[in-house]
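Chain letters run A, B, ... following the sequence lines, proteins first, then strands; residues in each count from 1. These numbers were taken from a predicted model, which means no experiment stands behind them.
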Protein chains: 2
Amino acid sequence: MDNVTDISSARPDVTDLQMIEGTRTFLEVIAGKWSVDVLYLLANGTRRYSEVFYEVGEISKKTLTQTLRALERDGVISRQVYPEVPVKVEYSLTPLGWSITGLLMAIYEWTAEHGAEVEAARTLHEEAAERPPLAAAA
Amino acid sequence: MDNVTDISSARPDVTDLQMIEGTRTFLEVIAGKWSVDVLYLLANGTRRYSEVFYEVGEISKKTLTQTLRALERDGVISRQVYPEVPVKVEYSLTPLGWSITGLLMAIYEWTAEHGAEVEAARTLHEEAAERPPLAAAA
DNA sequence: CGGTATCCAGCCCGATACTG
DNA sequence: CAGTATCGGGCTGGATACCG
């Protein structure tokens, strides 16, 4: 067996299925359209609801609330309510949330290194789609 | 400034926005519902269309084709057609695709370490939702 | 064998308006 | 201030049938 193109050789104790499920768990956490934005924002420090709303950009309040609730539900951010008048609500990363930022960095490192290849591949396929499938040239 | 909760201190040369965009590029590649499954499968070796179809599970042919085309378009898998009768089509990882598997491993490592915390948080929030908001107890 | 074509359901997200 | 309520649109993914 001279073929080393087998991912399982790196972790013979884990099945593909377990890896897929694990990866899926992670993706569920950050799959929301704005989850990553919120995570990066809170990684720069605690923010109030209105601060997140303003700093993220053109997110709607409904979607922002959904995003925050989902992240809170997954335990990566925490929500602190100050019962003043008017109320103040602060969001911040939990330790679990901080552990995710490391992964986000790793993902960024990958795109820093390979992102251009992805863009290039996409452009190539676009051009190929525009070219008539080789016939009218004769 | 004794506050070290600043993610940018790790990479002062990169803005949050660039990181968010980079992360988004990666997520676009693997965000498809079945992308990770296909990637892991092909990481175990080249597969024919029907093999992928069977081994992935309950994916529809349309969705499988969509997934494969998207991954091909992003340059992470390659499609090789053998013009026999009937035709044979083989899919395999490109070098770019192989570079992604490293990241998938990193993601798996994270869930192996923290996945249980996510599940626990979710369960806790479920229970909290079932509890009446503290009023009828008196 | 390896796909398309067509139709359709579900969900995520947004815009707007209203509230404790 | 920090949300909720309601309505609606777009895109993803599935079921089924057909094709080179």
Side-chain angles (χ1 to χ4, degrees), chain A residues 20 23-24 27-39 41-42 46-74 77-92 122 125 128-129 133-135, chain B residues 20 24 26-39 41-42 46-74 77-92 125 128-129 132-135:
Chain A
I20 290 171
T23 308
R24 191 109 62 186
L27 287 177
E28 279 171 16
V29 174
I30 61 159
K33 187 174 174 184
W34 303 100
S35 305
V36 172
D37 300 62
V38 170
L39 255 17
L41 185 60
L42 295 188
T46 297
R47 292 285 187 283
R48 301 183 56 169
Y49 181 90
S50 49
E51 291 173 329
V52 180
F53 183 65
Y54 178 73
E55 292 184 50
V56 164
E58 1 81 5
I59 189 175
S60 72
K61 284 201 281 187
K62 176 194 165 190
T63 302
L64 176 58
T65 300
Q66 275 178 0
T67 303
L68 291 168
R69 290 284 198 277
L71 292 173
E72 189 196 0
R73 188 178 135 269
D74 291 342
I77 70 175
S78 73
R79 178 174 180 268
Q80 177 77 354
V81 182
Y82 298 87
E84 312 165 350
V85 182
V87 317
K88 182 168 94 173
V89 180
E90 282 186 348
Y91 293 91
S92 56
R122 285 177 180 168
H125 281 267
L134 170 67
Chain B
I20 290 170
R24 192 108 63 185
F26 171 76
L27 287 177
E28 279 171 17
V29 174
I30 60 160
K33 188 174 174 184
W34 303 99
S35 305
V36 172
D37 301 60
V38 170
L39 255 18
L41 186 60
L42 296 187
T46 297
R47 292 284 189 284
R48 300 183 56 168
Y49 181 89
S50 49
E51 291 172 330
V52 180
F53 183 64
Y54 178 74
E55 292 183 51
V56 165
E58 1 81 4
I59 189 175
S60 72
K61 284 202 283 187
K62 176 195 165 189
T63 302
L64 176 57
T65 300
Q66 274 178 186
T67 303
L68 291 168
R69 290 284 197 277
L71 292 174
E72 188 196 0
R73 189 179 134 269
D74 291 342
I77 71 175
S78 73
R79 178 174 180 268
Q80 177 77 352
V81 182
Y82 298 88
E84 311 166 351
V85 181
V87 320
K88 183 167 94 173
V89 180
E90 282 186 350
Y91 293 91
S92 56
H125 281 267
L134 171 66

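- Atom pair B:Lys62:NZ and D:dC18:P shows a separation of 17 Å (rounding to whole Å applied).
- Phosphate contact (OP1/OP2 of C:dC13, side-chain N/O of A:Ser60, threshold under 4.0 Å): absent.
- When rounded to the nearest whole Å, the span between CD1 of B:Ile59 and C1' of D:dG13 equals 9 Å.
- Residue A:Lys88 is classed as a sugar-phosphate contact, given heavy-atom separations below 4.0 Å to backbone atoms only.
- Inter-residue side-chain proximity for A:Lys33 and B:Arg24 is flagged as met; some heavy-atom pair is nearer than 4.5 Å.
- Side-chain proximity of A:Arg79 to D:dA2, C:dC13, D:dG14: nearest is D:dA2.
- Residues A:His125 and B:Glu72 are in side-chain contact: their nearest non-hydrogen atoms beyond the backbone lie under 4.5 Å apart.
- A side-chain donor-acceptor contact under 3.5 Å links A:Tyr49 to the backbone of A:Lys61.
- Across all strands shown, B:Tyr91 has heavy atoms under 4.0 Å from sugar-phosphate atoms exclusively, and none from any base.
- Residues B:Glu55 and B:Asp37 have side chains not in contact (no heavy-atom distance under 4.5 Å, counting atoms from C-beta outward).
- Donor-acceptor pairing under 3.5 Å, judged by distance alone, is present between the side chain of A:Lys61 and the base of D:dG3.
- Residues of residues 47-58 of chain B having a heavy atom closer than 4.0 Å to DNA chain C, listed by number: B:Arg48, B:Tyr49, B:Ser50.
- Of the two residues near DNA chain C, A:Trp34 and A:Pro86, the one whose nearest nucleotide lies more 5' is A:Trp34.
- Using a 4.0 Å cut-off, some side-chain N or O of B:Lys33 falls inside it from OP1 or OP2 of D:dG14.
- Across D:dA2, D:dG13, C:dG2, the shortest atom-to-atom separation from the side chain of B:Val89 is found for C:dG2.
- Taking for each of A:Thr65 and A:Val87 the nucleotide of DNA chain D with the nearest heavy atom, the 5'-most of the two is the partner of A:Val87.
- Side chain of A:Arg69, nearest nucleotide from D:dG3, D:dA5, C:dC7: D:dG3.
- A donor-acceptor contact under 3.5 angstrom links the side chains of A:Ser92 and A:Ser78, judged on distance only.
- Contact annotation: the side chain of A:Glu90 never approaches that of A:Glu51 to less than 4.5 Å [non-hydrogen atoms, C-beta and beyond].
- The CD atom of B:Gln66 sits 10 Å away from the C1' atom of D:dG14 (whole-angstrom rounding).
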